[in-house]
Amino acid sequence: MSSGKKQTTLGRFFTLPPGTDVAVPIQSKLRAISTSSKPIDNENVASLKVEGTSSKPADNENVASPKVEGTPVKGTAAKRPKSSPDNKRPKKQMVASYSGETSSKPGSSSRHDEVDSGSEAEKPSLPPAAGREMLKKLAGDVPPAYSDWDPGKPTPYAALVTTFKLLEGTTKRLEKISHTSRFLRQVLRLSPDELLLVVHLMINKLAADFEGVEMGVGESLLMKAIGESCGRSLDKIREDHRECGDLGLVAMKSRNNQLTIFAPQPLTVAVVHKGLLDIAKVKGEGGQGRKVSAIRKLLAAAKGDEAKFLIRGLEGKLRLGLADRTVLVSLSSAFITHERELKGQKPNTAMLDEAELNLRSVYSELPSYEIIIPAIREHGIINVKQYCKLQPGVPVKPMLAKPTKAISEVLDRFENRRFTCEYKYDGERAQIHYVSPKSSIEYPPATLGGEPIKNLAKVFSRNSEDLSGKYPDILAAMNNWVRPEVESFVLDCEAVGLDEINNRLLPFQMLQTRKRKDVALEDVKIRVCVHAFDLLFLNGKPVVRESLSDRRKLMHETFIEVPNQFVFARYMDSSNLEEITVFLDQSVKDSCEGLMVKMMDGRESFYEPSQRSRNWLKIKKDYIDALGDSLDLVVIGAYWGKGKRTSVYGSFLLACYNLGTQSFESVCNIGTGFSEAELEEFYETLHPLEIDRAKPFYDHPNGNAGKPDVWFEPKVVWEVKAADLTLSPRYRAAAGLAGHRDKGVSLRFPRFIGPRTDKSGDDATSSSQIAEMYLRQDQVANKSAAKGVDDNFEY
DNA sequence: AATGCCTGCCC
DNA sequence: ATTCTGC
DNA sequence: GCAGAATGGGCAGGCATT
């Protein structure tokens with residue numbers, strides 16, 4: 001199933017007004033292939049059960065191994081192979097035609113493949129034929145999809161929406177880039193001053209993340225607005241939403257059924273942007289009502305698909321298969337093509353590649369379109385590098401890590417390279433920026449119309465939010481650990497909660513209770529220790545293109561460790577499997593999540609997230625098969641899926657079994673780990689088990705909040721994995737047994753591993769086992785060991 | 001003033 | 001966060 | 001392997017309701 005298909009897939013009972021082009025729901029087709037809907041209630045099912053309950057052809061790999069009864073703890077659960085590729089049901093052919101376009105051959109590689117293929121000296125070779133076709137399109141042989149508006153006049157919102165529709169019509173990334181680039185070029189040609197606005201609407205942002213502009217609008221308010229705007233009841237809207245899994249579609253449908261008396265003024269990109277900004281700004285008493293009426297006003301001016309994308313934008317999910325990274329590439333192509341066009345020429349492949357590499361590298365240092373776009377317009381995409389450099393005040397996108405399933409995988413990947421292992425701390429990412437008042441350099445403003453930066457101390461989050469107001473303690477202590485001669489720096493760290501009494505790190509759940517806004521130094525209750533692991537900028541110069549080995553050295557020379565305030569992340573440089581294993585174990589004992597593994601030398605160790613964002617590896621115990629907490633839980637409810645999960649269950653409510661009270665206590669929802677085929681299958685097998693209401697022996701809060709859309713007979717059991725067990729205000733599992741009067745236990749990062757067809761509902765993991773697993777955890781066990789009896793301690 | 005619901009943001 | 005999927 | 005889109009628990013903060 002591809003994203004393009006999903007976006008246009010509608011619910012089972014939902015129909016659109018005539019003239020709306022929408023793909024046939026795949027589910028109906030897949031369901032026809034699926035045969036058996038026999039409930040899984042048989043106790044004596046042995047090895048062949050999996051086949052009995054699915055439409056899969058016989059396949060030796062699908063034999064579920066029997067499992068020791070009654071021991072659903074760590075690592076004992078039977079492993080169930082995932083469906084092998086040849087099991088997959090035939091996929092629907094995608095209809096992705098637009099103006100005579102022939103799509104490129106499947107399997108053909110693109111120039112991006114070439115660029116990413118990883119050699120140290122990467123000079124892309126010529127792409128194969130299909131790629132060249134695409135490049136020609138990028139270079140502008142095809143006329144714009146939306147006819148030109150008057151130059152200098154506002155960009156019609158309809159033009160953007162036309163592009164969005166084209167994007168929905170294909171799953172191919174190169175085609176998406178082509179459409180996007182073509183439209184951006186049109187904007188550059190006709191209304192260049194609006195390019196920034198357009199790009200912002202494409203990535204669905206109103207301002208830089210660190211400016212803290214919040215929409216304050218979610219599903220609830222949107223449903224209200226759509227209902228009011230179209231004169232339909234909230235219940236009707238909810239019903240539609242359940243059926244088509246997308247509020248944008250609901251809005252479009254509702255508007256199309258509505259008689260419009262006055263033809264509204266056509267929306268422009270600028271008007272929409274301003275409208276959204278105004279909605280975001282609304283605050284205070286009666287604010288929600290004012291937000292709703294502002295949304296209504298925008299909606300009233302929206303025609304057809306405009307309503308769909310307006311609402312999707314407000315919901316924060318455009319579902320275009322187009323996000324930051326693809327826009328970045330499209331933008332580079334648009335600029336170079338536009339620049340060449342002005343000279344009556346076209347860019348060749350090398351130029352396109354150069355432009356892309358340039359923009360990626362610029363964005364890597366200074367991820368702010370607000371600054372980059374005007375700079376490119378002024379200096380050209382080839383020269384812009386000199387003008388846009390990493391600087392304090394603009395948060396860098398952080399390097400991320402790829403999960404690895406075994407230490408041996410790490411060794412394979414980094415074979416013959418020098419690498420380092422660092423503790424992976426369980427806190428909050430903190431990118432610390434600093435410019436000393438004594439600094440001789442003045443940095444450009446971080447935003448359009450902002451002040452130049454002379455003196456600054458800020459903390460940014462993993463997602464570039466400004467956390468300075470949350471961590472006044474970090475900022476106030478900086479003079480303890482920054483050498484006085486330091487002029488400026490950007491430092492990548494993890495802020496971790498500190499238990500000073502026991503001299504340990506606090507669990508994340510504890511750190512989370514810190515206040516967030518405008519915290520005064522005296523009000524800090526949870527102390528924090530900064531664990532620094534990388535240096536991105538020092539004394540006026542970016543160091544992201546130095547090797548990690550050099551960056552680390554610089555970092556150690558520049559800062560002073562102060563116990564419990566500022567330390568360097570603990571690390572070990574070894575390629576020895578056994579030593580790494582020991583270090584991993586040690587990290588867990590020290591309240592960490594596992595290890596980060598990073599290359600030490602060469603290009604691959606640079607800090608360039610837009611070039612290769614997942615160049616680091618992470619290894620945690622629960623990634624390793626046969627390690628980590630595994631539970632067998634009963635499916636007692638489900639929620640309707642949205643977006644690409646429309647018309648199947650998108651997530652499920654799971655429970656454990658309390659042997660004493662003979663009741664099923666809710667543990668968690670689960671929504672990841674399923675293949676699309678499995679989601680289809682589970683809809684088939686669970687739908688017949690739906691019941692009107694919760695069983696009296698289901699223990700789950702009564703409120704509307706966590707109530708599933710449907711309840712089930714307690715028959716189906718699944719194996720589920722989690723990183724940790726946590727105290728829960730919301731779930732009932734082992735309530736009271738974990739040493740905290742009313743709180744139950746839930747799972748951190750739960751994911752689906754496989755069905756346990758050999759188990760019936762009351763064979764599920766029991767409440768007491770869950771309590772035991774919770775109490776056994778290092779952080780819980782060690783805490784009371786150190787502190788003495790401490791069972792009434794409340795988080 | 002207390003409670004409940006919603007949203008955004010951490011992981 | 002974790003996981004799956006098309007390219 | 002990337003990029004995108006599904007989905008998790010749980011907290012503070014802000015508004016609405018009682």
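The figures here come from the full heavy-atom set of this structure, side chains too, leaving out hydrogens, waters and symmetry mates. Numbers restart at 1 for each chain; the letters A, B, ... are given by sequence-line order, proteins then strands. Computed from a predicted structure; not experimentally measured.
Here A/Lys515 pairs with A/Val519 under the side chain to side chain contact (heavy atoms under 4.5 Å, CB included) rule; sequence neighbours left out. Evaluation of the side chain to side chain contact (heavy atoms under 4.5 Å, CB included) rule for A/Ser666 yields A/Leu653, A/His700, A/Pro701, A/Tyr731, A/Arg732 as partners, not counting sequence neighbours. For A/Pro367, the side chain to side chain contact (heavy atoms under 4.5 Å, CB included) test picks out A/Tyr363, A/Val394, A/Lys397, with sequence neighbours left out. The side chain to side chain contact (heavy atoms under 4.5 Å, CB included) search around A/Ala225 returns A/Val292, A/Ile295, not counting sequence neighbours.
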Show which side-chain atoms of residues 746-754 of chain A pair as donor or acceptor with protein atoms under 3.5 Å away, not counting sequence neighbours.
residue: A/Ser746; atom: OG; partner: A/Val667; partner atom: O; Å: 2.7
residue: A/Arg748; atom: NH1; partner: A/Asp426; partner atom: OD2; Å: 2.9
residue: A/Arg748; atom: NH1; partner: A/Asp724; partner atom: OD2; Å: 3.3
residue: A/Arg748; atom: NH2; partner: A/Asp426; partner atom: OD1; Å: 3.0
residue: A/Arg751; atom: NH1; partner: A/Asp622; partner atom: OD2; Å: 3.1
residue: A/Arg751; atom: NH1; partner: A/Phe749; partner atom: O; Å: 3.0
residue: A/Arg751; atom: NH2; partner: A/Asp622; partner atom: O; Å: 3.3
residue: A/Arg751; atom: NH2; partner: A/Asp622; partner atom: OD2; Å: 2.5

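Regarding contacts with the backbone of D/dC2, every side-chain N or O of A/Arg173 stays at 4.0 angstrom or more from both OP1 and OP2. Note on A/Thr726: every side-chain N or O is 4.0 Å or more away from OP1 and OP2 of D/dG9. Contact check, A/Lys517 against D/dG14: a side-chain N or O comes under 4.0 Å of OP1 or OP2. Regarding contacts with the backbone of D/dA3, every side-chain N or O of A/Arg614 stays at 4.0 angstrom or more from both OP1 and OP2.
As judged by a 4.0 angstrom heavy-atom cut-off over every strand, A/Lys283 is placed among residues touching the sugar-phosphate backbone only. A/Lys618 comes within 4.0 angstrom of the backbone, heavy atoms only, and of no base. At the heavy-atom level, A/Pro403 lies nowhere under 4.0 Å from the strands shown. Nucleic acid contact class of A/Lys620 (heavy atoms, under 4.0 Å, all strands): sugar-phosphate only. Nucleic acid contact class of A/Leu654 (heavy atoms, under 4.0 Å, all strands): none. No engagement by A/Asn704 is indicated, since no non-hydrogen atom pair under 4.0 Å with the nucleic acid exists.
Think of the region where chain A sits on DNA chain B: with heavy atoms and a 4.0 Å cut, that region ends 5' and 3' at B/dC6 to B/dC11.
Aromatic ring pairs are classed by plane angle as parallel below 30°, tilted from 30° to 60° and perpendicular above 60°; the pair A/Phe533 and A/Trp616 is perpendicular.
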